[in-house]
Enquirer: 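Here's a structure for you.
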Number of protein chains: 2
Amino acid sequence: MTMNVRTLCLGILSLHEATGYEIRKMVEEGTFSHFIDASYGSIYPALAQLLKEGLVSVRTETAETGRPPRKVYTITRQGCAALEAALATDPARDKFKSEFLFQMLFMDRIDPAQLALTYDAYIAEQEAELARISCQSEELPADHPGARFVNDFGRTVLSAIITFLKQRREEMMEAFATSGKDGSATSGACRTAQTIRNQTIREEEE
Amino acid sequence: MTMNVRTLCLGILSLHEATGYEIRKMVEEGTFSHFIDASYGSIYPALAQLLKEGLVSVRTETAETGRPPRKVYTITRQGCAALEAALATDPARDKFKSEFLFQMLFMDRIDPAQLALTYDAYIAEQEAELARISCQSEELPADHPGARFVNDFGRTVLSAIITFLKQRREEMMEAFATSGKDGSATSGACRTAQTIRNQTIREEEE
DNA sequence: GTGTACATGTAAAGTGTTACATGATTTC
DNA sequence: GAAATCATGTAACACTTTACATGTACAC
(Lines give C-alpha, C1' and ligand atoms only; values in the text may rest on other atoms or scores of the structure.)
Protein backbone atom coordinates (compact mmCIF):
# COMPACT_ATOMS: atom_id res chain seq x y z
CA MET A 1 0.00 0.00 0.00
CA THR A 2 1.16 3.48 -0.69
CA MET A 3 -0.10 5.62 2.09
CA ASN A 4 1.01 8.94 0.75
CA VAL A 5 -0.78 12.22 1.07
CA ARG A 6 -2.91 11.34 -1.94
CA THR A 7 -4.42 8.27 -0.30
CA LEU A 8 -4.80 10.17 2.92
CA CYS A 9 -6.86 12.85 1.19
CA LEU A 10 -9.02 10.24 -0.49
CA GLY A 11 -9.59 8.60 2.87
CA ILE A 12 -10.68 11.79 4.54
CA LEU A 13 -12.83 12.81 1.62
CA SER A 14 -14.53 9.41 1.73
CA LEU A 15 -15.85 10.40 5.14
CA HIS A 16 -17.07 13.82 4.09
CA GLU A 17 -16.20 16.58 1.69
CA ALA A 18 -13.56 19.04 2.86
CA THR A 19 -11.23 21.84 1.88
CA GLY A 20 -7.45 21.53 1.90
CA TYR A 21 -7.37 23.60 5.02
CA GLU A 22 -9.80 21.32 6.79
CA ILE A 23 -7.84 18.25 5.81
CA ARG A 24 -4.74 19.77 7.32
CA LYS A 25 -6.63 20.47 10.55
CA MET A 26 -7.83 16.90 10.68
CA VAL A 27 -4.40 15.41 10.42
CA GLU A 28 -3.08 17.93 12.90
CA GLU A 29 -5.75 17.58 15.56
CA GLY A 30 -8.13 14.86 14.55
CA THR A 31 -8.45 11.10 14.77
CA PHE A 32 -5.61 10.75 12.31
CA SER A 33 -2.98 12.70 14.11
CA HIS A 34 -1.21 9.82 15.91
CA PHE A 35 -0.13 7.97 12.88
CA ILE A 36 -0.17 10.43 10.02
CA ASP A 37 1.30 13.76 9.15
CA ALA A 38 0.96 16.07 6.19
CA SER A 39 1.45 19.78 5.69
CA TYR A 40 -0.14 22.27 3.33
CA GLY A 41 2.81 21.96 1.02
CA SER A 42 1.87 18.38 0.30
CA ILE A 43 -1.91 18.49 0.68
CA TYR A 44 -2.65 21.20 -1.86
CA PRO A 45 -0.58 19.67 -4.65
CA ALA A 46 -2.07 16.25 -3.86
CA LEU A 47 -5.61 17.60 -4.20
CA ALA A 48 -4.72 19.30 -7.47
CA GLN A 49 -3.38 16.04 -8.81
CA LEU A 50 -6.38 14.03 -7.65
CA LEU A 51 -8.61 16.54 -9.38
CA LYS A 52 -6.66 16.21 -12.60
CA GLU A 53 -7.06 12.45 -12.40
CA GLY A 54 -10.77 12.69 -11.75
CA LEU A 55 -10.61 11.03 -8.34
CA VAL A 56 -12.11 14.09 -6.68
CA SER A 57 -14.26 16.95 -7.86
CA VAL A 58 -14.30 20.48 -6.59
CA ARG A 59 -16.87 23.16 -5.85
CA THR A 60 -15.80 26.72 -5.20
CA GLU A 61 -17.61 28.65 -2.50
CA THR A 62 -16.90 32.30 -3.02
CA ALA A 63 -17.29 34.15 0.23
CA GLU A 64 -18.73 37.67 0.01
CA THR A 65 -15.95 38.92 2.26
CA GLY A 66 -12.39 39.43 1.13
CA ARG A 67 -11.35 35.89 1.99
CA PRO A 68 -9.98 33.56 -0.64
CA PRO A 69 -12.78 31.35 -1.97
CA ARG A 70 -13.08 27.95 -0.30
CA LYS A 71 -12.47 25.03 -2.59
CA VAL A 72 -14.53 22.16 -1.29
CA TYR A 73 -13.40 18.79 -2.57
CA THR A 74 -15.67 15.78 -2.94
CA ILE A 75 -14.59 12.24 -3.71
CA THR A 76 -15.83 10.71 -6.98
CA ARG A 77 -16.78 7.14 -7.76
CA GLN A 78 -13.35 6.58 -9.28
CA GLY A 79 -11.77 8.08 -6.17
CA CYS A 80 -13.68 5.65 -4.00
CA ALA A 81 -12.51 2.79 -6.13
CA ALA A 82 -8.93 4.00 -5.92
CA LEU A 83 -9.20 4.24 -2.13
CA GLU A 84 -10.58 0.76 -1.86
CA ALA A 85 -7.89 -0.58 -4.14
CA ALA A 86 -5.31 0.97 -1.84
CA LEU A 87 -7.04 -0.47 1.23
CA ALA A 88 -6.99 -3.93 -0.30
CA THR A 89 -3.20 -4.06 -0.59
CA ASP A 90 -0.86 -5.16 2.18
CA PRO A 91 0.03 -2.36 4.55
CA ALA A 92 3.69 -1.41 4.69
CA ARG A 93 5.49 -1.83 7.99
CA ASP A 94 4.95 0.82 10.62
CA LYS A 95 7.54 3.52 10.82
CA PHE A 96 8.32 5.08 14.13
CA LYS A 97 10.85 7.84 14.49
CA SER A 98 11.66 9.09 17.93
CA GLU A 99 14.33 11.60 18.71
CA PHE A 100 13.41 11.20 22.35
CA LEU A 101 14.34 7.52 22.30
CA PHE A 102 17.48 8.33 20.40
CA GLN A 103 18.46 10.71 23.17
CA MET A 104 17.54 8.15 25.82
CA LEU A 105 19.78 5.63 24.11
CA PHE A 106 22.63 7.99 24.84
CA MET A 107 21.35 9.18 28.20
CA ASP A 108 24.77 8.74 29.76
CA ARG A 109 26.03 11.55 27.55
CA ILE A 110 23.41 14.05 28.58
CA ASP A 111 23.64 16.42 31.49
CA PRO A 112 21.40 14.90 34.21
CA ALA A 113 19.51 18.13 34.85
CA GLN A 114 18.81 18.49 31.15
CA LEU A 115 17.83 14.85 30.96
CA ALA A 116 15.27 15.28 33.71
CA LEU A 117 13.75 18.25 31.90
CA THR A 118 13.53 16.45 28.58
CA TYR A 119 12.11 13.36 30.25
CA ASP A 120 9.39 15.24 32.10
CA ALA A 121 8.55 17.30 29.06
CA TYR A 122 8.10 14.10 27.08
CA ILE A 123 5.80 12.63 29.73
CA ALA A 124 3.78 15.83 29.73
CA GLU A 125 3.50 15.69 25.95
CA GLN A 126 2.25 12.12 26.00
CA GLU A 127 -0.26 12.97 28.71
CA ALA A 128 -1.52 15.94 26.77
CA GLU A 129 -1.91 13.76 23.71
CA LEU A 130 -3.77 11.13 25.70
CA ALA A 131 -6.10 13.77 27.13
CA ARG A 132 -6.73 15.12 23.68
CA ILE A 133 -7.70 11.86 22.09
CA SER A 134 -9.67 10.73 25.13
CA CYS A 135 -11.69 13.86 24.70
CA GLN A 136 -12.24 13.12 21.03
CA SER A 137 -13.29 9.62 21.89
CA GLU A 138 -16.51 10.93 23.37
CA GLU A 139 -17.62 12.64 20.22
CA LEU A 140 -16.86 9.85 17.81
CA PRO A 141 -19.77 8.83 15.62
CA ALA A 142 -21.10 5.47 16.78
CA ASP A 143 -21.39 4.26 13.22
CA HIS A 144 -17.68 4.51 12.49
CA PRO A 145 -16.02 1.41 13.97
CA GLY A 146 -12.63 2.26 12.48
CA ALA A 147 -12.39 5.58 14.24
CA ARG A 148 -13.19 4.02 17.58
CA PHE A 149 -10.69 1.24 17.04
CA VAL A 150 -7.92 3.62 16.12
CA ASN A 151 -8.74 5.91 19.00
CA ASP A 152 -8.67 3.05 21.50
CA PHE A 153 -5.42 1.81 20.01
CA GLY A 154 -3.85 5.20 20.53
CA ARG A 155 -5.07 5.47 24.09
CA THR A 156 -3.80 2.01 24.94
CA VAL A 157 -0.35 2.73 23.62
CA LEU A 158 -0.11 6.16 25.21
CA SER A 159 -1.23 4.82 28.58
CA ALA A 160 1.38 2.09 28.44
CA ILE A 161 4.08 4.60 27.55
CA ILE A 162 3.14 6.99 30.33
CA THR A 163 3.02 4.25 32.94
CA PHE A 164 6.39 2.96 31.83
CA LEU A 165 8.02 6.37 31.86
CA LYS A 166 6.73 7.22 35.31
CA GLN A 167 7.79 3.88 36.69
CA ARG A 168 11.29 4.28 35.39
CA ARG A 169 11.81 7.90 36.22
CA GLU A 170 13.18 7.64 39.75
CA GLU A 171 15.29 4.62 39.01
CA MET A 172 16.88 6.37 36.08
CA MET A 173 17.52 9.64 37.82
CA GLU A 174 19.08 7.89 40.80
CA ALA A 175 21.46 6.06 38.51
CA PHE A 176 22.78 9.37 37.33
CA ALA A 177 22.70 11.11 40.67
CA THR A 178 24.92 8.42 42.24
CA SER A 179 27.19 8.28 39.23
CA GLY A 180 30.23 9.14 41.30
CA LYS A 181 31.43 5.69 40.36
CA ASP A 182 31.93 7.21 36.88
CA GLY A 183 34.17 5.59 34.30
CA SER A 184 32.23 2.31 34.38
CA ALA A 185 30.51 3.56 31.23
CA THR A 186 30.79 2.69 27.59
CA SER A 187 33.54 1.11 25.65
CA GLY A 188 35.78 4.12 25.69
CA ALA A 189 35.40 5.04 22.04
CA CYS A 190 34.97 8.59 23.18
CA ARG A 191 34.46 9.95 26.64
CA THR A 192 34.51 13.69 26.93
CA ALA A 193 31.68 15.76 28.32
CA GLN A 194 30.52 12.89 30.50
CA THR A 195 33.73 12.86 32.45
CA ILE A 196 33.79 16.61 32.69
CA ARG A 197 30.20 16.58 33.77
CA ASN A 198 30.75 14.13 36.57
CA GLN A 199 33.44 16.38 37.93
CA THR A 200 31.12 19.35 37.73
CA ILE A 201 28.42 17.47 39.58
CA ARG A 202 30.79 16.48 42.32
CA GLU A 203 31.85 20.07 42.71
CA GLU A 204 28.23 21.13 43.00
CA GLU A 205 27.57 18.53 45.64
CA GLU A 206 30.36 19.74 47.88
CA MET B 1 17.47 18.27 17.46
CA THR B 2 18.12 17.05 13.97
CA MET B 3 18.12 13.32 14.12
CA ASN B 4 19.11 12.65 10.57
CA VAL B 5 21.31 9.88 9.34
CA ARG B 6 24.39 11.95 10.19
CA THR B 7 23.56 12.09 13.88
CA LEU B 8 22.57 8.47 13.84
CA CYS B 9 25.98 7.49 12.47
CA LEU B 10 27.72 9.58 15.07
CA GLY B 11 25.65 7.93 17.78
CA ILE B 12 26.49 4.43 16.67
CA LEU B 13 30.14 5.28 16.17
CA SER B 14 30.26 6.71 19.70
CA LEU B 15 29.56 3.18 20.92
CA HIS B 16 32.18 1.51 18.77
CA GLU B 17 33.79 1.88 15.39
CA ALA B 18 31.95 0.38 12.47
CA THR B 19 31.64 0.16 8.71
CA GLY B 20 28.72 1.52 6.73
CA TYR B 21 27.51 -2.01 6.25
CA GLU B 22 27.55 -2.69 9.97
CA ILE B 23 25.68 0.51 10.71
CA ARG B 24 22.98 -0.54 8.32
CA LYS B 25 22.73 -3.93 10.03
CA MET B 26 22.40 -2.25 13.40
CA VAL B 27 19.51 -0.05 12.36
CA GLU B 28 17.89 -2.97 10.61
CA GLU B 29 18.18 -5.56 13.35
CA GLY B 30 19.72 -3.95 16.39
CA THR B 31 18.63 -1.93 19.39
CA PHE B 32 17.84 0.98 17.13
CA SER B 33 15.43 -0.69 14.79
CA HIS B 34 12.16 0.30 16.50
CA PHE B 35 12.54 4.00 16.18
CA ILE B 36 15.03 4.58 13.41
CA ASP B 37 15.51 3.68 9.80
CA ALA B 38 18.22 4.35 7.27
CA SER B 39 19.33 2.65 4.11
CA TYR B 40 22.70 2.35 2.40
CA GLY B 41 21.77 5.18 0.10
CA SER B 42 21.73 7.58 3.01
CA ILE B 43 24.36 6.00 5.27
CA TYR B 44 27.27 6.00 2.83
CA PRO B 45 26.87 9.62 1.77
CA ALA B 46 26.44 10.64 5.42
CA LEU B 47 29.69 8.93 6.39
CA ALA B 48 31.49 10.59 3.48
CA GLN B 49 30.26 13.96 4.62
CA LEU B 50 31.16 13.37 8.26
CA LEU B 51 34.63 12.40 7.13
CA LYS B 52 35.00 15.58 5.10
CA GLU B 53 33.97 17.58 8.17
CA GLY B 54 36.43 15.78 10.40
CA LEU B 55 33.75 14.34 12.69
CA VAL B 56 34.87 10.80 11.92
CA SER B 57 38.09 9.25 10.70
CA VAL B 58 38.48 6.19 8.55
CA ARG B 59 40.80 3.23 8.37
CA THR B 60 40.77 0.92 5.38
CA GLU B 61 41.14 -2.77 6.00
CA THR B 62 42.11 -4.38 2.74
CA ALA B 63 41.11 -8.00 2.78
CA GLU B 64 43.45 -10.39 0.97
CA THR B 65 40.47 -11.91 -0.75
CA GLY B 66 38.63 -10.31 -3.61
CA ARG B 67 36.18 -8.47 -1.36
CA PRO B 68 35.95 -4.72 -1.42
CA PRO B 69 38.12 -3.28 1.35
CA ARG B 70 36.25 -2.54 4.58
CA LYS B 71 36.23 1.10 5.54
CA VAL B 72 36.09 1.22 9.30
CA TYR B 73 34.92 4.55 10.67
CA THR B 74 35.87 5.94 14.07
CA ILE B 75 34.39 8.97 15.77
CA THR B 76 36.75 11.88 16.47
CA ARG B 77 36.79 14.31 19.36
CA GLN B 78 34.94 16.84 17.22
CA GLY B 79 32.44 14.17 16.29
CA CYS B 80 31.81 13.44 19.95
CA ALA B 81 31.27 17.11 20.60
CA ALA B 82 28.85 17.35 17.69
CA LEU B 83 26.92 14.36 18.98
CA GLU B 84 26.68 15.82 22.44
CA ALA B 85 25.59 19.15 21.06
CA ALA B 86 22.81 17.35 19.20
CA LEU B 87 21.84 15.42 22.33
CA ALA B 88 21.59 18.64 24.31
CA THR B 89 18.90 20.13 22.09
CA ASP B 90 15.19 19.50 22.48
CA PRO B 91 14.02 16.35 20.72
CA ALA B 92 11.49 16.84 17.94
CA ARG B 93 8.09 15.23 18.33
CA ASP B 94 7.81 11.54 17.63
CA LYS B 95 6.61 10.57 14.23
CA PHE B 96 4.59 7.46 13.81
CA LYS B 97 3.35 6.32 10.44
CA SER B 98 1.12 3.31 10.27
CA GLU B 99 -0.54 2.07 7.14
CA PHE B 100 -2.11 -0.65 9.24
CA LEU B 101 -3.94 1.91 11.38
CA PHE B 102 -4.91 3.81 8.28
CA GLN B 103 -6.51 0.66 6.94
CA MET B 104 -8.19 -0.02 10.27
CA LEU B 105 -9.66 3.45 10.21
CA PHE B 106 -11.47 2.42 7.07
CA MET B 107 -12.10 -1.17 8.10
CA ASP B 108 -15.69 -0.94 6.96
CA ARG B 109 -14.44 -0.61 3.41
CA ILE B 110 -12.31 -3.74 3.47
CA ASP B 111 -13.43 -7.21 2.62
CA PRO B 112 -13.85 -9.00 5.99
CA ALA B 113 -11.79 -12.02 4.98
CA GLN B 114 -8.98 -9.76 3.81
CA LEU B 115 -9.29 -7.73 6.98
CA ALA B 116 -8.85 -10.82 9.14
CA LEU B 117 -5.72 -11.78 7.23
CA THR B 118 -4.18 -8.35 7.52
CA TYR B 119 -5.07 -8.14 11.19
CA ASP B 120 -3.54 -11.48 12.05
CA ALA B 121 -0.47 -10.78 9.98
CA TYR B 122 0.01 -7.55 11.89
CA ILE B 123 -0.29 -9.31 15.24
CA ALA B 124 2.24 -11.90 14.07
CA GLU B 125 4.61 -9.13 13.01
CA GLN B 126 4.38 -7.41 16.37
CA GLU B 127 4.93 -10.70 18.16
CA ALA B 128 7.97 -11.46 16.05
CA GLU B 129 9.35 -8.02 16.79
CA LEU B 130 8.74 -8.49 20.50
CA ALA B 131 10.48 -11.85 20.43
CA ARG B 132 13.39 -10.35 18.59
CA ILE B 133 14.02 -7.52 20.99
CA SER B 134 13.35 -9.67 24.03
CA CYS B 135 16.10 -11.90 22.78
CA GLN B 136 18.42 -8.94 22.35
CA SER B 137 17.60 -7.79 25.83
CA GLU B 138 19.55 -10.68 27.28
CA GLU B 139 22.77 -9.76 25.58
CA LEU B 140 22.74 -6.06 26.33
CA PRO B 141 25.87 -4.78 28.02
CA ALA B 142 25.11 -4.02 31.66
CA ASP B 143 27.02 -0.77 31.45
CA HIS B 144 24.75 0.77 28.86
CA PRO B 145 21.67 2.10 30.66
CA GLY B 146 20.28 3.75 27.54
CA ALA B 147 20.13 0.53 25.57
CA ARG B 148 18.27 -1.21 28.38
CA PHE B 149 15.84 1.65 28.74
CA VAL B 150 15.06 1.77 25.06
CA ASN B 151 14.72 -1.99 24.87
CA ASP B 152 12.30 -2.07 27.79
CA PHE B 153 10.36 0.79 26.29
CA GLY B 154 9.96 -1.14 23.07
CA ARG B 155 8.87 -4.30 24.83
CA THR B 156 6.33 -2.44 26.92
CA VAL B 157 4.75 -0.80 23.91
CA LEU B 158 4.72 -3.96 21.83
CA SER B 159 3.17 -5.98 24.65
CA ALA B 160 0.44 -3.39 25.07
CA ILE B 161 -0.27 -3.40 21.35
CA ILE B 162 -0.43 -7.18 21.13
CA THR B 163 -2.75 -7.47 24.12
CA PHE B 164 -5.03 -4.82 22.68
CA LEU B 165 -5.18 -6.39 19.25
CA LYS B 166 -5.96 -9.84 20.59
CA GLN B 167 -8.63 -8.47 22.88
CA ARG B 168 -10.36 -6.66 20.08
CA ARG B 169 -10.09 -9.30 17.45
CA GLU B 170 -13.27 -11.27 18.06
CA GLU B 171 -15.37 -8.24 18.78
CA MET B 172 -14.28 -6.64 15.54
CA MET B 173 -14.76 -9.69 13.37
CA GLU B 174 -18.23 -10.30 14.78
CA ALA B 175 -19.22 -6.76 13.91
CA PHE B 176 -18.48 -7.47 10.30
CA ALA B 177 -19.87 -10.98 10.28
CA THR B 178 -23.28 -9.74 11.45
CA SER B 179 -23.20 -6.70 9.21
CA GLY B 180 -26.39 -7.75 7.44
CA LYS B 181 -27.82 -4.54 8.90
CA ASP B 182 -25.65 -2.82 6.28
CA GLY B 183 -26.33 0.78 5.25
CA SER B 184 -25.93 2.03 8.83
CA ALA B 185 -22.44 3.06 7.82
CA THR B 186 -20.81 6.36 6.99
CA SER B 187 -22.30 9.60 5.83
CA GLY B 188 -22.98 8.38 2.34
CA ALA B 189 -20.27 10.38 0.63
CA CYS B 190 -19.49 7.26 -1.28
CA ARG B 191 -20.69 3.75 -0.73
CA THR B 192 -19.75 1.28 -3.38
CA ALA B 193 -17.79 -1.86 -2.75
CA GLN B 194 -19.10 -2.10 0.81
CA THR B 195 -22.66 -2.47 -0.36
CA ILE B 196 -21.67 -4.89 -3.06
CA ARG B 197 -19.62 -6.82 -0.57
CA ASN B 198 -22.43 -7.23 1.92
CA GLN B 199 -24.53 -8.67 -0.84
CA THR B 200 -21.78 -11.06 -1.73
CA ILE B 201 -21.49 -12.18 1.86
CA ARG B 202 -25.16 -12.80 2.11
CA GLU B 203 -25.01 -14.89 -0.98
CA GLU B 204 -22.18 -16.92 0.47
CA GLU B 205 -24.12 -17.48 3.66
CA GLU B 206 -27.09 -18.89 1.86
C1' DG C 1 24.10 -24.14 -8.88
C1' DT C 2 21.35 -20.98 -6.03
C1' DG C 3 20.88 -17.96 -2.65
C1' DT C 4 22.57 -15.31 1.01
C1' DA C 5 26.00 -12.58 3.38
C1' DC C 6 29.61 -9.46 2.84
C1' DA C 7 30.84 -4.79 1.05
C1' DT C 8 30.87 -0.18 -1.26
C1' DG C 9 29.02 3.26 -3.69
C1' DT C 10 26.05 6.40 -7.21
C1' DA C 11 22.08 8.46 -9.66
C1' DA C 12 17.44 9.22 -10.37
C1' DA C 13 13.15 9.58 -8.56
C1' DG C 14 9.96 10.33 -5.08
C1' DT C 15 8.07 12.53 -1.21
C1' DG C 16 7.64 15.80 1.95
C1' DT C 17 8.77 20.09 4.78
C1' DT C 18 9.77 24.96 5.37
C1' DA C 19 9.42 29.30 4.12
C1' DC C 20 7.32 32.58 1.42
C1' DA C 21 3.46 35.42 -0.61
C1' DT C 22 -1.20 37.39 0.29
C1' DG C 23 -4.86 39.23 2.89
C1' DA C 24 -9.33 39.81 5.72
C1' DT C 25 -11.49 38.94 10.17
C1' DT C 26 -11.85 38.01 14.82
C1' DT C 27 -10.16 37.59 19.52
C1' DC C 28 -7.18 39.15 23.39
C1' DG D 1 -2.25 46.81 18.08
C1' DA D 2 -0.78 41.92 18.17
C1' DA D 3 -1.79 37.44 17.42
C1' DA D 4 -4.54 33.81 15.88
C1' DT D 5 -7.81 31.77 12.45
C1' DC D 6 -9.34 31.22 7.96
C1' DA D 7 -7.65 30.16 3.26
C1' DT D 8 -4.90 29.08 -0.91
C1' DG D 9 -0.95 28.16 -3.22
C1' DT D 10 4.26 27.92 -4.93
C1' DA D 11 9.25 27.21 -4.90
C1' DA D 12 13.38 25.86 -2.93
C1' DC D 13 15.33 22.67 -0.21
C1' DA D 14 16.07 18.41 2.43
C1' DC D 15 16.00 13.84 2.90
C1' DT D 16 15.43 9.28 1.73
C1' DT D 17 14.36 5.26 -1.03
C1' DT D 18 14.93 2.38 -5.01
C1' DA D 19 17.42 0.61 -8.36
C1' DC D 20 21.63 -0.02 -10.38
C1' DA D 21 26.61 -1.44 -10.73
C1' DT D 22 30.15 -4.89 -9.09
C1' DG D 23 32.06 -8.96 -7.21
C1' DT D 24 33.67 -12.82 -3.77
C1' DA D 25 32.81 -16.58 -0.60
C1' DC D 26 30.31 -19.80 1.71
C1' DA D 27 26.41 -22.72 2.93
C1' DC D 28 22.71 -25.78 1.42
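Bear in mind the structure is a predicted one, so any value in this text is a computation, not a measurement. In what follows, chains carry the letters A, B, and so on, assigned in the order in which the sequence lines appear, proteins first and then strands, with residues in each chain numbered from 1.
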Enquirer: Could you check how far CD of B:Glu29 sits from C1' of C:dT4, rounded to whole Å?
Expert: 13 Å
Enquirer: Please confirm whether the backbone N or O of A:Leu101 pairs with a side-chain atom of A:Tyr122, one donor and one acceptor, at under 3.5 Å?
Expert: no
Enquirer: Can you check the A:Ile23 CD1 to D:dA7 C1' distance for me, whole Å?
Expert: 13 Å
Enquirer: Roughly how many Å is it from CD in B:Glu22 to C1' in C:dG9, rounded to a whole number?
Expert: 17 Å
Enquirer: What integer distance in Å separates A:Arg24:CZ from C:dT18:C1'?
Expert: 12 Å
Enquirer: Let me test you: for the helix from C:dG1-D:dC28 to C:dC28-D:dG1, what is the angle between the axes at its two ends (five pairs each), rounded to 10 degrees?
Expert: 50°
Enquirer: Nearest to the side chain of B:Lys25, which nucleotide is it out of C:dT8, D:dT8, C:dC6?
Expert: C:dC6
Enquirer: Got a sec, which residues hit side-chain hydrogen bond (donor to acceptor under 3.5 Å, both in side chains) with A:Thr7, two or more places apart in sequence or on another chain?
Expert: A:Asn4
Enquirer: Could you tell me whether the side chain of B:Asn151 and the main chain of B:Ile133 form a donor-acceptor pair under 3.5 Å?
Expert: yes
Enquirer: May I ask you to check whether over 12 heavy atoms, not counting those of A:Lys25, lie within 6.0 Å of atom NZ?
Expert: yes
Enquirer: Can you sort out the partners of A:Tyr73 under ring pair (Phe, Tyr, Trp, His ring centres under 6.0 Å), two or more places apart, ordered by chain and number?
Expert: none
Enquirer: Can you tell me which residue pairs pass the side chain to side chain donor-acceptor pair (under 3.5 Å) test with a partner in residues 160-169 of chain B, sequence neighbours excluded?
Expert: A:Asp152-B:Arg168, B:Asp120-B:Arg169, B:Glu127-B:Lys166
Enquirer: Grab the CD-P distance between A:Glu28 and D:dC6 for me, whole Å please.
Expert: 10 Å
Enquirer: Ignoring backbone atoms, test whether A:Tyr21 places a side-chain nitrogen or oxygen under 4.0 Å from the OP1 or OP2 oxygen of D:dT8.
Expert: no
Enquirer: Taking atom P of D:dA7 as reference, at what distance in whole Å does atom CD of A:Glu61 sit?
Expert: 9 Å
Enquirer: Can any side-chain N or O of B:Glu53 pair as donor or acceptor with the backbone N or O of B:Gly79 at less than 3.5 Å?
Expert: no
Enquirer: In whole Å, what is the span from the CG atom of B:Leu47 to the C1' atom of D:dT16?
Expert: 15 Å
Enquirer: Could you tell me whether the side chain of B:Glu17 and the main chain of B:Val72 form a donor-acceptor pair under 3.5 Å?
Expert: no
Enquirer: Return all side-chain donor-acceptor pairs below 3.5 angstrom for residues 30-40 of chain A, not counting sequence neighbours, or 'none' if the list is empty.
Expert:
from: A:Ser33; atom 1: OG; to: A:Gly30; atom 2: O; distance (Å): 2.8
from: A:Ser33; atom 1: OG; to: A:Arg132; atom 2: NH2; distance (Å): 2.7

Enquirer: Go along nucleotides 11-17 of chain C 5' to 3' and tag each nucleotide: B for a protein heavy atom under 4.0 Å from its base, S when only backbone or sugar atoms are that close, - otherwise.
Expert: -----SB
